[in-house]
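Only one structure is covered here, and it is reproduced in the block below.
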2 protein chains.
Amino acid sequence: MAITIRDVAALAGVSPSTVSRTCKNNPSISEETKERVRAAMATLGYEPNFQASNLASQNSRTIGLILPVSERFIYANSFFLEMIQGINSYCNVHQYTTTLITGQTEEEALQVIRSMVRTGQTDSFILLYSKQKDPITDYLYNEGLLFAMIGKAYQFANQTIYVDTDNILAGQEATEYLYQLGHRRIGYIGYEKTLLFSSDRKYGYQLAHFEHGLPLQEDYSIEIKDSMKKMPPELSDLLKRPDRPTAFVVTDDFLGVALERTCRECGLTVPEDLSIISFNNSLFAQMTSPPLTSIDINSMQLGAEAATQIIHHMENPNLASTKIIVPHEIVVRESCRPI
Amino acid sequence: MAITIRDVAALAGVSPSTVSRTCKNNPSISEETKERVRAAMATLGYEPNFQASNLASQNSRTIGLILPVSERFIYANSFFLEMIQGINSYCNVHQYTTTLITGQTEEEALQVIRSMVRTGQTDSFILLYSKQKDPITDYLYNEGLLFAMIGKAYQFANQTIYVDTDNILAGQEATEYLYQLGHRRIGYIGYEKTLLFSSDRKYGYQLAHFEHGLPLQEDYSIEIKDSMKKMPPELSDLLKRPDRPTAFVVTDDFLGVALERTCRECGLTVPEDLSIISFNNSLFAQMTSPPLTSIDINSMQLGAEAATQIIHHMENPNLASTKIIVPHEIVVRESCRPI
DNA sequence: ATATTTAATGCAAACGATTGCATGACACAC
DNA sequence: GTGTGTCATGCAATCGTTTGCATTAAATAT
């Protein structure tokens with residue numbers, strides 16, 4: 001059996017409560033006894049039992065990380081693992097753990113979450129995505145659970161802790177970058193508008209147009225639905241028109257790669273015939289040919305900030321809900337060219 | 001405060017121990033009282049407290065999932081998330097949870113693991129990779145901890161639970177596929193040999209050569225080191241030779257995509273000038289152009305089997321260590337062509 | 001009718017921490 | 001010397017289960 005608080009207490013010649021208080025660095029223990037206790041802990045290699053400690057103090061020190069259900073978003077993007085890295089690196093230091101919540105369906109995920117809450121396994125969550133009309137998000141709201149969202153809150157923004165990229169700005173900057181290269185016919189490819197990161201990027205794209213007095217052609221925008229297995233025919237049609245866009249802002253690298261491929265099928269070369277700028281700066285962006293100019297959203301930092309916030313809120317209840325914006329930066333590669 | 005076992009006991013008119021035994025379906029409780037207790041549990045919506053239950057029964061019902069530290073393997077391959085999905089889907093049903101262990105360095109990861117073991121947070125692990133000379137693996141062995149490995153055990157194979165693809169066979173079949181298409185000069189691209197999945201696939205590639213009496217040209221094999229950011233110059237040199245391979249077996253899609261790109265840079269087209277077959281059947285394989293013929297290794301099932309084994313062993317100690325082989329299958333796309 | 005077995009349940013002590021309250025020692029003031 | 005206050009520590013209850021053992025009631029054997 002492992003070393004318990006009693007063993008330490010016995011060795012240090014104090015009571016278990018003193019040991020416990022020493023761990024918590026309680027000021028009512030004198031510095032000298034603390035030293036004695038710490039020495040005892042060190043020689044025995046004591047670490048407090050996680051379960052017992054949590055039971056007694058009625059918390060869980062465990063954060064549930066909720067992954068989106070949709071296949072595309074989980075698997076397409078390495079940034080989930082990057083965010084998790086960021087989250088874990090902060091949690092590791094602060095003695096919190098994370099537990100991953102996934103499911104094949106929203107129902108399954110929701111059931112797991114419910115059970116975790118009921119059994120006291122987890123009392124806070126990080127939602128690794130943001131999506132409108134999401135039953136999981138609704139559940140977290142309705143139960144008044146503590147959670148942080150990575151992405152933009154679409155309701156109760158004031159009561160929600162969230163960590164996000166300034167996607168509107170990012171979309172605007174991406175478009176501006178193309179504009180500065182001389183492009184005037186710029187298209188946009190994104191996901192359905194319930195995915196706020198995508199609709200925000202599109203909004204930024206539109207803002208850039210307004211700013212420069214460029215006309216917005218509705219048929220330059222392509223929306224990819226979750227169910228689509230490949231690029232829709234409208235895209236090929238668009239690429240074959242004489243007044244086709246000379247550049248595209250694309251909402252993630254995954255779609256960027258897909259666009260490159262569609263170009264090839266339509267006989268267009270990137271970047272000679274078409275410039276592409278995308279988001280996330282994942283390995284996709286580096287590996288494809290030509291490699292994509294992409295906006296890096298600092299996924300690890302997004303994760304780390306979310307963890308920071310959630311832990312901060314756990315340890316200081318009644319704190320106001322914070323909103324954090326993590327900076328992004330453009331990583332120039334070979335998919336864009338002056339017109 | 002949540003509903004406790006006492007509340008249920010009170011409502012059902014029995015003692016807490018009876019409720020506990022009912023949950024465990026202990027045969028010494030009569031069927032009728034069980035029914036009564038179950039009814040009480042249902043009306044109150046009772047679920048046993050995770051921490052208390054674990055504390056009393058001295059286990060953790062938590063499996064630590066250890067990700068490799070190397071960036072390339074984590075981020076390059078969607079199959080980690082797929083394996084995790086598979087693991088979780090089994091755990092969800094069996095009331096186990098998983099906790100993700102990552103670190104920027106092996107030291108960090110190891111420290112987290114150590115602490116989890118000491119604090120009783122976790123008592124079993126799934127190693128999501130297999131690698132020679134890995135300090136984490138060594139630690140698990142030396143401490144005699146219960147763990148399952150996804151990938152091939154490189155030592156103490158008899159005492160290790162592992163779940164793997166038959167990579168030798170897969171490598172052989174991939175090579176055979178190219179052979180049947182008429183290719184005779186076949187190259188191989190893989191990782192350093194400490195990564196057993198890669199060296200096994202290479203071994204299979206060699207076996208296929210022996211089988212057909214084909215000569216093995218050592219310089220047809222390229223080894224990609226973890227530190228390499230891009231394909232090495234030897235590869236371009238090889239591709240420019242008149243006696244260059246007409247086909248390649250490539251150890252994962254990530255390298256497959258990289259090879260496609262190198263080809264393009266060398267003025268070769270796939271599959272006209274060069275056929276490629278790779279492994280993992282990740283999104284990379286589908287998205288690149290041309291899409292890659294790839295061997296699907298059923299990542300989700302690998303994960304699910306690992307979870308099954310580990311839980312089985314937790315609930316039945318002293319079970320012999322099992323070795324599970326998950327089948328693979330070739331997914332034909334457009335990167336191979338008869339010579 | 002009594003003794004003995006069997007089945008079903010409850011009691012109470014763990015599990016290993018945390019924490020409100022009591023206690024004791026000591027210092028200082030009067 | 002007594003009273004009051006402060007500081008440091010310990011006692012013991014608690015968190016919500018699990019589980020060995022005792023207990024009771026019923027069933028069977030003699």
Side-chain angles (χ1 to χ4, degrees), chain A residues 1-38 40-41 44-62 95 115-123 315, chain B residues 1-38 40-41 44-62 95 115-123 315:
Chain A
M1 186 72 351
I3 299 101
T4 77
I5 203 169
R6 281 168 222 287
D7 301 326
V8 179
L11 180 60
V14 296
S15 76
S17 29
T18 302
V19 177
S20 174
R21 291 192 175 103
T22 303
C23 290
K24 298 276 136 58
N25 203 23
N26 186 316
S28 73
I29 302 293
S30 75
E31 209 41 60
E32 17 170 0
T33 40
K34 270 183 190 168
E35 269 319 311
R36 200 146 35 87
V37 172
R38 279 197 260 264
M41 295 201 300
L44 293 176
Y46 168 76
E47 293 201 46
N49 180 289
F50 189 72
Q51 332 244 22
S53 160
N54 288 339
L55 177 59
S57 54
Q58 295 286 77
N59 58 20
S60 73
R61 296 193 85 81
T62 300
Q95 321 264 51
S115 161
M116 283 186 167
V117 171
R118 283 229 196 85
T119 61
Q121 209 174 137
T122 305
D123 36 31
E315 295 179 351
Chain B
M1 186 70 354
I3 299 102
T4 77
I5 204 169
R6 280 171 222 284
D7 302 324
V8 178
L11 180 60
V14 295
S15 76
S17 28
T18 303
V19 177
S20 174
R21 291 192 176 104
T22 303
C23 289
K24 297 277 137 58
N25 203 23
N26 187 314
S28 74
I29 303 294
S30 75
E31 209 42 58
E32 17 171 356
T33 39
K34 269 184 191 166
E35 269 319 311
R36 202 145 37 89
V37 171
R38 278 197 261 263
M41 296 200 301
L44 293 177
Y46 168 76
E47 292 200 49
N49 181 289
F50 189 73
Q51 332 244 23
S53 159
N54 288 338
L55 175 60
S57 54
Q58 295 286 78
N59 57 22
S60 74
R61 296 193 85 81
T62 300
Q95 320 266 50
S115 161
M116 283 186 168
V117 171
R118 281 228 197 88
T119 61
Q121 208 174 139
T122 304
D123 36 30
E315 296 180 350

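Letters A, B, ... mirror the listed sequences (proteins, then strands); counts begin at 1.
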* Contact class for A:Val14 (heavy atom, under 4.0 Å): base, sugar-phosphate, or nothing? -> sugar-phosphate

* Could you check if a side-chain atom of A:Val19 sits within less than 4.5 angstrom of a side-chain atom of A:Arg6, using non-hydrogen atoms only? => no

* **Student check: side-chain heavy atoms of B:Glu32 and B:Arg36 closer than 4.5 Å** => no

* Asked: With a 4.0 Å cut-off on heavy atoms, is B:Phe50 in touch with a base, just the backbone sugar-phosphate, or nothing at all?
  -> nothing

* Provide, to the nearest angstrom, the distance between the CG atom belonging to B:Asn25 and the C1' atom belonging to D:dT18. => 16 Å

* Taking the nucleotide of DNA chain C with the closest heavy atom to each, which residue, B:Ser17 or A:Pro48, is nearer the 5' end? -> B:Ser17

* To do: To the nearest Å, give me how far apart CD1 (B:Ile29) and P (D:dT19) are.
  => 13 Å

* Roughly, in whole Å, what's the span from CZ in A:Arg118 to P in D:dG16? -> 16 Å

* Touch class at under 4.0 angstrom, heavy-atom based, for A:Ser30 against every strand present -> sugar-phosphate

* Side chain of A:Asn49: nearest nucleotide among C:dG16, C:dT19, C:dT9? -> C:dG16

* Structure fact -> Among C:dT18, C:dA17, D:dT17, the one nearest any side-chain atom of A:Lys24 is C:dT18

* C:dT18 phosphate, OP1 or OP2: any side-chain N/O from A:Ser57 under 4.0 angstrom? -> no

* Asked: What integer distance in Å separates A:Asn54:CG from C:dC15:C1'?
  -> 14 Å

* To do: Could you check if a side-chain atom of A:Val8 sits within less than 4.5 angstrom of a side-chain atom of A:Ile3, using non-hydrogen atoms only?
  => yes

* Within-4.5 Å side-chain heavy-atom neighbours: B:Asp123 and B:Asn59 -> yes

* Touch check for A:Ser53, heavy atoms < 4.0 angstrom, all strands: base, sugar-phosphate only, or nothing? -> sugar-phosphate

* **From C:dT19, D:dT9, C:dG16, nucleotide with atom closest to A:Thr4 side chain** => C:dG16

* Structure fact -> Of C:dG10, C:dA17, C:dC15, the nucleotide closest to the side chain of B:Gln58 is C:dC15

* Asked: Would you say a side-chain N or O of B:Ser20 is under 4.0 Å from OP1 or OP2 of D:dT18?
  -> yes

* **B:Tyr46 side chain, from C-beta outward: closest of C:dG16, C:dT9, D:dT17** => D:dT17

* Give the rounded distance in Å between these two atoms: CD of A:Glu47 and C1' of C:dA17. => 14 Å

* B:Ala52 has a side chain; which of D:dT17, C:dC21, C:dA17 sits nearest to it? -> D:dT17

* Would you indicate what B:Thr18 reaches in the nucleic acid, counting non-hydrogen atoms under 4.0 angstrom: base, sugar-phosphate, or nothing? => sugar-phosphate

* Between B:Leu11 and B:Asp7, is any pair of side-chain heavy atoms under 4.5 Å apart? -> no

* Asked: Expressed in angstrom and rounded to an integer, what is the separation of A:Asn26 atom CG from C:dT19 atom P?
  -> 9 Å

* Would you kindly give the CG-to-P distance between A:Leu44 and C:dA17, to the nearest whole Å? => 12 Å

* Mapping A:Arg6 and A:Arg21 to their closest nucleotides on DNA chain C, which lands nearer the 5' end? -> A:Arg6

* Of the candidate nucleotides D:dC21, C:dA17, D:dG16, which contains the atom at the shortest distance from the side chain of B:Leu55? -> D:dG16

* Kindly compute the distance separating CD (A:Glu47) from CE (B:Met116), expressed to the nearest 0.5 Å. => 11.0 Å

* To the nearest Å, how far apart are A:Glu32 CD and C:dA25 C1'? -> 14 Å

